[in-house]
Asker: 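Quick one: this structure, given as structure tokens, is what I'll be asking you about.
All chains are named by letter (A, B, ...) in the order of the sequence lines, taking the proteins before the strands, and each is independently numbered beginning at 1.
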Amino acid sequence: MKGIPVQIDQVKKSFQSLEVLKRIDLSLRSGEFLAVVGRSGCGKSTLLRLIAGLEQMSAGEIYINQEPITGTHPDLRMMFQDARLLPWKTVIKNVQIGLRTKETTIAEKALEMVGLTDKFDQWPSSLSGGQRQRVALARALAGQPKLLLLDEPLGALDALTRIEMQQLIEDLWSKQQFTAILVTHDVSEAVMLADRVIVIEAGKITFDQKIELARPRERNNDFVYYEQMILDQLIKKSRRTHYEIEFTV
Amino acid sequence: MQSIKTLINKSFVVWVVPVIFLVGWQLSGSFGFLSAETLPTPWQVVKGAERLIVDGSLIHYIWISTKRAFIGFFIGGLIGFLLGFMNGLSRISEKLLDTSIQMVRTIPHLALIPLVILWFGIGEESKLFLVALGVAFPIYLNTFNGIRNIDPGLLEMGKVYGLKGKVLFWQVILPGALPSILVGVRYALGVMWMSLIVAETIASDSGIGYMATSAREFMQMDIVILSILLYAFLGKLSDFLAGLLEKRWLKWHPNFSRSK
């Protein structure tokens, strides 16, 4: 099981008159873990939704495994900020969605991977937020995706659960070697998980940096160095625009 | 304090008020506070029921009314359900049909009784028509709303996970709309009995409503009261059945599993 490459070629996206993405060029090699960082409304989630085939792009082309996409790709799975489990299905049935088989062994294995062996027959409503997100991760991985999209999947979790989930995601990614794209506004999460971090500001990629730290990563000086570099990029820009506004007044 | 709470949790508690009411009613009749012409005692009603059971007409009338109620419910429910699904799933269908349905809905269906009698006479069709017409709208509205209010996040998830067509319908759309549909079913059951009672009272030659009307002509107060009690009982019974469906189909829903 290997990941698949993704190529984004001059992609633009507008909603009515609002231009959300202005010419994005980006390419990911197989098995790469990319983090997309940016402020709210910068277009980072829109980019992810374009790759997932949930939105139509206004111009440009996206290639998954060298083929231009037309709708949702069968080797692609996505995790959302909310778990989006079907409340009328038990945990194990939720994981089986998209597997197209009555056989439960794959789903059971996926739930074992995320450490939820004792919850097979529970309703989603009886789980905690972190457990629900684990089920969603198991559901995404049960289909053996070659490309996993993560749309701020840990944003709603408490700090400790988030660290646990980050470790879990890194662990499963290094075992299964799928290509991963994580959208987040948490800079340290991006540095913790990604091979490469890009920053999107006002619909453009303004920063692209490899994170050359050994895994599993620790919060040492080098880690903080990368973190600071990305934060500077995000915050300096907004300061500058702030001044510009002051000058025009 | 604790013992009162455990007492309240027992299931017989719901019957305490009806039983007290019945006993009070019987006593006020036995001691002559109520004349039998105004209101016969429960015991007299039981005696009347016995008389009708012996000559076989009571069971016959209950059977006829129940059959009418459920056939009418089935026809009207199916129509409402199908229209609700069509308009819920397709914007074109909604544009074409919804306005017309809403216009017909605002007519009180019982106001059609004179027309229905002219069309169908007092045969079976007139009762079925009125019940079906009354039942179709609550089911239609709730099915339609149920579908339109399905969490768009779940539909999007289904898309990414490759759920399409039939699978999407059975796994996501129908179960998502089901709580709302069952609210419609419960409401429609009430409309079903009401439509049937009115139709049977005005235009019929059999059934519980007919039994009440003919008893009135002969001043058989016990039978009139018996008919009213029968409607209460049948109404409660169908509501109970709807509750069972909810418990069974919505056991995933925190609101329904909690009441267990």
Asker: What closest approach, in Å, do B:W252 and A:W123 show between heavy atoms, and which atom pair accounts for it?
Answerer: CB-CE3, 3.4 Å
Asker: Restricting to non-hydrogen atoms, name the atom on B:K159 and the atom on A:L54 that form the minimum distance, rounded to 0.1 Å.
Answerer: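 So the minimum-distance heavy-atom pair works out to CD-CD2, 4.0 Å.
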Asker: Measuring heavy-atom distances to chain B, does A:A140 have an atom under 4.5 Å in its side chain, in its backbone, in both, or in neither?
Answerer: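 A:A140 touches chain B through backbone and side-chain heavy atoms alike.
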Asker: Which answer fits A:P74, side chain, backbone, both or neither, if we ask what part of it has an atom under 4.5 Å from a heavy atom of chain B?
Answerer: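 The answer is neither part of A:P74.
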Asker: Is it the backbone or the side chain of A:L85 that comes under 4.5 Å from a heavy atom of chain B, or both, or neither?
Answerer: backbone
Asker: What heavy-atom pair brings B:V160 and A:R77 nearest, and what distance separates the two atoms?
Answerer: O-NH1, 3.8 Å
Asker: Does B:I92 CD1 have over 12 foreign heavy atoms under 6.0 Å away?
Answerer: no
Asker: Counting only heavy atoms from other residues, nucleotides and ligands, does the tally under 6.0 Å from CZ of B:F240 exceed 12?
Answerer: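 No.
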Asker: Look at atom OH of B:Y187 and say whether more than 12 heavy atoms of other residues, nucleotides or ligands are closer to it than 6.0 Å.
Answerer: no
Asker: Has B:F74 got more than 12 heavy atoms of other residues, nucleotides or ligands less than 6.0 Å from its CZ?
Answerer: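 At most 12 heavy atoms, drawn from other residues, nucleotides or ligands, come within 6.0 Å of this atom.
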Asker: For a quick test of reading the model, state the closest non-hydrogen atom pair linking B:E156 to A:F80 and the distance between them.
Answerer: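 In this case the closest contact between B:E156 and A:F80 is OE1-CE2, 3.8 Å.
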Asker: Would you say B:Q102 has more than 12 foreign heavy atoms packed within less than 6.0 Å of its CD?
Answerer: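 For B:Q102, atom CD is crowded (more than 12 foreign heavy atoms under 6.0 Å).
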Asker: Quick check: closest heavy atoms across B:Q171 and A:K89, and the distance to 0.1 Å?
Answerer: OE1-NZ, 2.6 Å
Asker: Sub-3.5 Å donor-acceptor pair from the side chain of A:R84 to the main-chain atoms of B:G153, do we have one?
Answerer: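 Such a contact is found between A:R84 side chain and B:G153 backbone.
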Asker: Would A:R139 and B:Y161 satisfy side-chain contact (heavy atoms from CB on, under 4.5 Å), going step by step from the backbone distance to the final call?
Answerer: CA-CA 9 Å; A:R139 177 180 64 187; B:Y161 283 76; 3.6 Å; yes
Asker: Between A:W88 and B:V172, which heavy-atom pair has the shortest distance, and what is it?
Answerer: CZ2-O, 3.3 Å
Asker: When rounded to the nearest 0.5 angstrom, what is the spacing between CG in B:D151 and CG in A:L86?
Answerer: 9.5 Å
